[in-house]
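Inspection log for the structure reproduced underneath, given as structure tokens.
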Amino acid sequence: MNPYRHFIGVIEAALGAMQAAGELPAGLDFSALTAEPPRDAAHGDIATNAAMVLAKAAQKKPRDIADALLPRLKANPDVVDGSVAGPGFINLKLSDSFWRERLRECLKEGVAYGDSTMGGARKVNVEYVSANPTGPLHVAHARGAVVGDALANLLLKAGYAVTKEYYINDAGAQVDILGRSTFLRYKEALGDHIGTIPEGLYPGEYLKEVGAAIARRDGARWIDKPERDWLPEMRAFAIAFLMDEIKADLDTLGVRMDVYTSERALVEAGAVDRAFQELTRQDLIYSGRLEPPKGKKPDDWEDREQTLFRATKFGDEVDRPLKKSDGSWTYFSNDIANHYDKFRRGFADQIDVWGADHGGYVKRMKAAVKAITGGDGELDVKLCQLVRVMRNGELVRMSKRAGTFVTLRDLLDEVGPDVVRFTMLTRKNDAPFDFDLAKATEQSRDNPVWYVQYGHARIRSVLRKSSAAGIVVDGLDSAPLDRLGDAGELSLVRQIAQWPRQVEAAAAAHEPHRIAFYLYDLAAAFHAHWNRGGDEPALRFIVEEDTELTRARLALVQAIGFVIGSGLKVFGVTPVEEMR
RNA sequence: GUCCCCGUAGCUCAGCUGGAUAGAGCAUCAGUUUCCUAAACUGAGGGCCACAGGUUCGAAUCCUGUCGGGGACGCCA
């Protein structure tokens with residue numbers, strides 16, 4: 001249960017009763033009403049702005065409304081005290097037993113604690129990674145992969161029907177370049193001296209393997225053929241080869257897509273024509289001229305009549321071209337088809353995770369989705385800012401294999417998937433991120449991954465020790481939780497009870513990074529309480545002469561472990577049993 | 001030239017879609033180990049929330065402008 005959502009219901013009921021009694025006018029809008037934990041715990045457990053939000057519409061002073069509302073809220077059996085403060089806040093103190101019941105819920109539900117029905121099983125499509133199949137994944141892809149995957153998991157936990165999708169850009173000029181680059185490496189594999197890679201082809205050494213593989217398969221059969229014969233072969237082979245590699249990297253990272261959509265297949269199936277027809281039907285396409293682009297020099301700019309989409313009607317800066325000068329579709333056209341296709345597959349709610357270099361593309365894609373779905377579809381775009389890989393403050397520039405950038409594989413080999421995933425999620429997606437290899441594996445409070453995992457390891461350690469001492473650690477949900485009376489213990493109980501709310505808030509905002517900060521705070525509170533047992537042995541979890549008290553405390557410890565496990569599950573990180 | 005993101009403690013960052021006296025870690029200083037992992041914990045100092053207006057009961061948060069940093073801008077994807 002999300003206690004705060006629960007209490008909004010309680011408050012609304014009390015306000016309804018006031019309306020029925022004529023103390024408030026009918027027809028008030030309750031949508032701005034909040035119930036949240038006050039910043040200062042001394043104020044109580046729940047603060048509501050109800051009186052202030054309603055004052056204007058009700059034509060009453062906030063404090064008068066609050067004074068009338070307070071006794072009605074105090075009548076709730078879970079409320080033990082309450083007061084009106086400041087400009088009209090109502091602060092409520094809830095009974096310890098109310099919070100202990102939340103703890104019991106957690107113990108019963110295990111890592112499923114925090115699961116929400118907020119999403120109402122609504123279908124959501126999260127498209128992420130979607131890297132071009134022209135080379136290995138690098139760090140920027142890693143960030144997108146981790147953010148997208150965690151966001152998808154988070155929405156899953158919040159009760160949405162989520163599909164994880166990868167859109168393969170296997171059409172267009174860049175895969176032709178890939179095909180030609182592969183052909184060069186193919187010749188090389190057959191003994192040719194190819195010299196330096198010509199301008200305009202991919203220089204990365206990773207293509208050597210691809211060329212060698214196709215040479216093994218096909219021998220010399222392409223070597224004297226014209227390009228039109230070998231290009232489709234080279235292209236298809238390289239794409240398949242590199243996609244396998246990408247999938248393997250993602251698999252190591254713990255990312256498993258539900259759907260891979262091929263741009264080429266979409267085009268061939270007529271999806272672009274269908275989207276084009278739909279936009280035409282809505283009269284959103286016309287022929288016109290565009291201003292030359294500003295900034296960069298338009299060296300080969302030609303002013304010409306173009307097929308344009310009325311993006312400006314939906315909030316974009318200019319109308320956008322759908323066809324290239326040779327008459328073929330632009331990437332934008334294909335991508336409209338992609339999003340339209342997703343809509344037709346039942347996804348009104350769509351989320352794309354992109355790199356920051358696609359920032360200029362957001363408005364037009366949102367405009368297109370709004371347009372082609374007749375306003376029924378909604379696209380949210382999460383832009384991931386640059387990632388720089390550092391080692392002790394020094395910038396790490398490139399990998400040996402790819403030549404120009406640090407690959408995801410390098411990162412995985414060095415620090416492992418769990419560290420990559422958690423660390424990438426300790427920052428908002430729209431802020432740049434320096435990934436420090438030394439810090440990521442450091443064992444200190446400065447490293448959130450380690451700190452949270454250490455908390456979990458301590459929890460497992462206590463439970464192991466108790467078990468070895470003959471205390472039953474099964475069925476802790478029936479432990480006598482009312483034996484938990486210490487202020488530190490009750491504070492931890494309250495913090496555990498925040499978890500369902502954190503899940504819902506992070507899911508609603510599409511911000512998985514919030515989970516990382518919550519887990520860090522929870523771990524900090526746990527470590528602090530742990531150390532109090534040093535000064536006051538009576539507070540230790542295991543009290544040999546009192547089995548029931550011990551079981552109550554172990555229940556608390558286990559619940560914290562469940563919540564950490566639950567959060568790490570969203571992140572796709574495995575909780576550790578012990579530190580080594 | 002236009003658009004997008006960012007600007008919070010010396011450093012790295014949070015700040016729960018507008019709430020009460022702005023929070024963590026690092027660094028600095030001072031403490032805590034016969035104890036379930038001290039790889040931890042406790043305390044102190046440190047702020048004109050870039051700047052200037054506006055919106056209202058109330059602004060780090062929303063709107064406008066300025067400054068500063070990053071990114072993007074037809075026929076690439």
Side-chain angles (χ1 to χ4, degrees), chain A residues 4 32 34 36-40 43 47 49 52-53 55-56 61-62 85-89 91 130 132 134 169 171-175 177 263 290-296 298 300-304 306 308 316-318 320-321 323-326 328 330-332 334-335 355-363 383 385-386 426-428 430-434 436 439 442-448 450-451 454-455 457-459 461-466 469 498 501-502 505-506 508-509 511 513-514 516-518 520-521 524 527-537 540-542 557 578-579:
Chain A
Y4 304 91
T34 61
E36 40 186 30
R39 199 194 305 263
D40 186 346
H43 289 141
N49 62 357
M52 290 176 292
V53 171
K56 191 175 256 181
K61 286 183 193 159
F89 283 103
N91 294 318
S130 294
N132 296 341
T134 54
N169 297 137
Q174 94 282 359
V175 286
I177 294 172
E263 179 184 4
L290 286 178
E291 295 285 305
K294 312 276 187 187
K296 210 167 36 180
D300 58 344
W301 167 264
E302 51 164 330
D303 187 29
R304 66 175 178 94
Q306 302 198 85
L308 300 171
D316 201 0
E317 264 60 57
V318 292
R320 303 292 181 176
K323 285 186 177 176
K324 304 179 195 170
S325 50
D326 64 1
S328 63
T330 57
Y331 177 80
F332 181 46
N334 290 359
D335 213 10
D357 54 339
H358 287 58
Y361 194 68
V362 174
K363 278 193 175 181
L383 282 187
Q385 289 293 330
L386 210 72
T426 56
R427 175 109 1 137
K428 285 181 296 204
D430 49 14
F433 184 36
D434 287 350
D436 195 304
K439 191 165 270 183
E442 185 180 278
Q443 302 189 336
S444 79
R445 183 167 188 168
D446 196 22
N447 177 3
W450 178 85
Y451 189 69
Y454 183 38
R458 277 184 154 175
I459 286 165
S461 164
V462 175
L463 293 174
R464 276 195 303 271
K465 226 149 215 155
S466 310
Q498 302 296 311
R501 177 173 179 273
Q502 292 289 339
E511 290 182 353
H513 75 274
R514 290 192 198 179
F517 287 91
Y518 169 77
Y520 182 84
D521 287 344
H527 287 307
H529 189 70
W530 174 292
N531 273 73
R532 286 182 66 206
D535 297 333
E536 301 172 64
R540 288 181 203 166
F541 301 122
I542 300 169
V557 169
E578 56 187 331
M579 307 304 287

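For the numbers below, each heavy atom of this structure counts, side chains included, while hydrogens, waters and symmetry mates do not. In what follows, chains carry the letters A, B, and so on, assigned in the order in which the sequence lines appear, proteins first and then strands, with residues in each chain numbered from 1.
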For this session: Taking only the side-chain nitrogens and oxygens of A:K439, find out if one of them lies under 4.0 Å from OP1 or OP2 of B:rC13.
Result: no
For this session: Over all heavy atoms of both residues, which pair between A:P87 and A:M52 is shortest? Give the atoms and the distance, please.
Result: CG-SD, 3.6 Å
For this session: Identify whether any heavy atom of A:I542 sits under 4.0 Å from a base atom; if not, whether one sits that close to sugar-phosphate; answer base, sugar-phosphate or nothing.
Result: base
Problem set entry | Contact under 4.0 Å: A:K324 side-chain N or O vs B:rG74 OP1/OP2 | no
For this session: Report which part of the nucleic acid A:F517 touches: base, sugar-phosphate, or nothing (heavy-atom distance under 4.0 Å, all strands).
Result: sugar-phosphate
For this session: Please determine, for the side chain of A:M52, which listed nucleotide (B:rA14, B:rG74, B:rC57) has the closest atom?
Result: B:rC57
Exercise. Hey, does A:K61 reach any base, or is it just sugar-phosphate, or nothing, if we go heavy atoms under 4.0 Å?
Worked result: nothing
Problem set entry | B:rA52 to B:rG7 separation - C1' atoms, rounded to the nearest Å | 16 Å
Problem set entry | Anti/syn call for B:rU33, syn if |chi| within 90° | syn
Problem set entry | Distance, P atom - from B:rG23 to B:rG46, rounded to whole angstrom | 14 Å
Problem set entry | Between B:rA60 and B:rG18 - C1' atom distance, rounded Å | 11 Å
Exercise. Are OP1 or OP2 of B:rA40 and a side-chain N or O of A:R532 less than 4.0 angstrom apart?
Worked result: no
Problem set entry | Parallel, tilted or perpendicular: rings of A:H529 and A:F541 (30°, 60°) | tilted
Exercise. For B:rA38, does either OP1 or OP2 sit under 4.0 Å from a side-chain N or O belonging to A:R458?
Worked result: yes
Exercise. Of all the nucleotides listed (B:rU37, B:rC3, B:rA24), which has the minimum atom distance to the side chain of A:K363?
Worked result: B:rC3
Problem set entry | Selection from B:rC16, B:rU17, B:rG25 that lies nearest to any side-chain heavy atom of A:R501 | B:rC16
For this session: Would you please confirm or rule out a distance under 4.0 Å between OP1 or OP2 of B:rU56 and any side-chain N or O of A:K56?
Result: no
Problem set entry | Proximal nucleotide (of B:rA14, B:rC41, B:rU37) relative to the A:K428 side chain | B:rA14
Problem set entry | Length of the CD-P vector between A:E291 and B:rG74, whole Å | 13 Å
Problem set entry | Check against side chain to side chain donor-acceptor pair (under 3.5 Å), A:D446 and A:S444 | CA-CA 5 Å; A:D446 196 22; A:S444 79; 5.1 Å; no
Exercise. Mind checking who B:rG7 pairs with, Watson-Crick or G-U wobble, both distances under 3.5 Å?
Worked result: B:rC67
For this session: Taking atom C1' in both B:rG69 and B:rU33, compute the distance separating them and give it to the nearest angstrom.
Result: 46 Å
Exercise. B:rC36, B:rA40, B:rG15: which one has an atom nearest the side-chain heavy atoms of A:R540?
Worked result: B:rC36
Exercise. What interatomic distance, in whole Å, is found between C1' of B:rC36 and the corresponding atom of B:rG19?
Worked result: 41 Å
Problem set entry | Interatomic distance at C1', B:rA77 relative to B:rA72, whole Å | 14 Å
For this session: Could you let me know what B:rU56 is paired to, Watson-Crick or G-U wobble, both distances under 3.5 Å, or none if it's on its own?
Result: none
Exercise. With a 4.0 Å cut-off on heavy atoms, is A:Y361 in touch with a base, just the backbone sugar-phosphate, or nothing at all?
Worked result: base
For this session: Please report the closest heavy-atom contact between A:R427 and A:P432, naming both atoms and the distance.
Result: NH1-O, 3.4 Å
Exercise. Which part of the nucleic acid, if any, lies within reach of A:P321 when heavy atoms closer than 4.0 Å are counted: base, sugar-phosphate only, or nothing?
Worked result: sugar-phosphate
Exercise. Taking atom C1' of B:rC41 as reference, at what distance in whole Å does atom CH2 of A:W530 sit?
Worked result: 12 Å
Exercise. When we call it a touch if two heavy atoms are under 4.0 Å apart, what does A:A32 touch: a base, just sugar-phosphate, or nothing?
Worked result: nothing
For this session: Output the distance between atom OH (A:Y518) and atom NE2 (A:H513), rounded to the nearest 0.5 Å.
Result: 15.5 Å
Seminar exercise, completed: From the candidates B:rC6, B:rG74, B:rG19, the one with an atom nearest any side-chain atom of A:D430 is B:rC6
Problem set entry | Interatomic distance, A:D535 CG vs B:rG43 C1' [rounded to whole Å] | 13 Å
Problem set entry | Nearest-0.5 Å distance that lies between atom CZ in A:F517 and atom NZ in A:K428 | 8.5 Å
For this session: Would you mind classifying the nucleic acid contact of A:A85 as base, sugar-phosphate or nothing, using non-hydrogen atoms under 4.0 angstrom?
Result: base
For this session: Remember a base hit wins even if backbone is also touched, and classify A:N91 as base, sugar-phosphate or nothing at under 4.0 Å, heavy atoms.
Result: base
Exercise. Out of B:rC3, B:rA77, B:rU37, which has the shortest distance to the side chain of A:Y331?
Worked result: B:rA77
For this session: Send over the distance from A:F332 CZ to B:rG74 P, rounded to a whole Å.
Result: 13 Å
Exercise. Which nucleotide in the list B:rA77, B:rC16, B:rU37 gets nearest to the side chain of A:Y454?
Worked result: B:rU37
Exercise. Under 3.5 Å, is there a donor-acceptor pair linking the side chains of A:H527 and A:R445?
Worked result: no
Exercise. For atom C1', what is the distance between B:rC41 and B:rG47, given to the nearest Å?
Worked result: 27 Å
Exercise. Between the main-chain N or O of A:K439 and the side-chain N or O of A:D436, is there a donor-acceptor pair closer than 3.5 Å?
Worked result: yes
For this session: Grab the CZ-P distance between A:R427 and B:rG70 for me, whole Å please.
Result: 18 Å
Exercise. Under the 3.5 Å rule, do the base of B:rA40 and the side chain of A:N531 count as making a donor-acceptor pair?
Worked result: yes
Seminar exercise, completed: Out of B:rG19, B:rA72, B:rA40, minimum distance to the side chain of A:F89 belongs to B:rG19
Problem set entry | A:W450 vs B:rA40: side-chain N/O to OP1/OP2 distance below 4.0 Å | no
For this session: Working to the nearest 0.5 Å, report the span between CZ of A:R464 and CD of A:E578.
Result: 5.0 Å
Exercise. Taking NE2 from A:H513 and P from B:rC16, how many angstroms apart are they, rounded to a whole number?
Worked result: 9 Å
For this session: Describe the nucleic acid contact of A:G172 in one word from base, sugar-phosphate, nothing, applying a heavy-atom distance below 4.0 Å.
Result: sugar-phosphate
Problem set entry | Given B:rC16, B:rA77, B:rC57, the nucleotide with the shortest approach to the side chain of A:H358 | B:rA77
Exercise. CG of A:D446 versus P of B:rC11: gap in Å, rounded?
Worked result: 16 Å
Exercise. Contact class for A:G86 (heavy atom, under 4.0 Å): base, sugar-phosphate, or nothing?
Worked result: nothing
Exercise. Within the structure shown, what part of the strands sits under 4.0 Å from A:E263 by heavy-atom distance: base, sugar-phosphate, or nothing?
Worked result: sugar-phosphate
Exercise. Phosphate oxygens OP1/OP2 of B:rC41: is one of them under 4.0 Å from a side-chain N or O of A:Y451?
Worked result: yes
Exercise. Can you check whether A:K465 has a side-chain N or O nearer than 4.0 Å to OP1 or OP2 of B:rU37?
Worked result: yes
Exercise. With distance as the sole criterion, is a donor-acceptor pair present between the side chains of A:N334 and A:E263 under 3.5 Å?
Worked result: yes
Problem set entry | P-based separation of B:rG74 from B:rC62 [nearest Å] | 30 Å
For this session: For A:L383 and B:rC6, give me the distance from atom CG to atom C1', rounded to whole Å.
Result: 12 Å
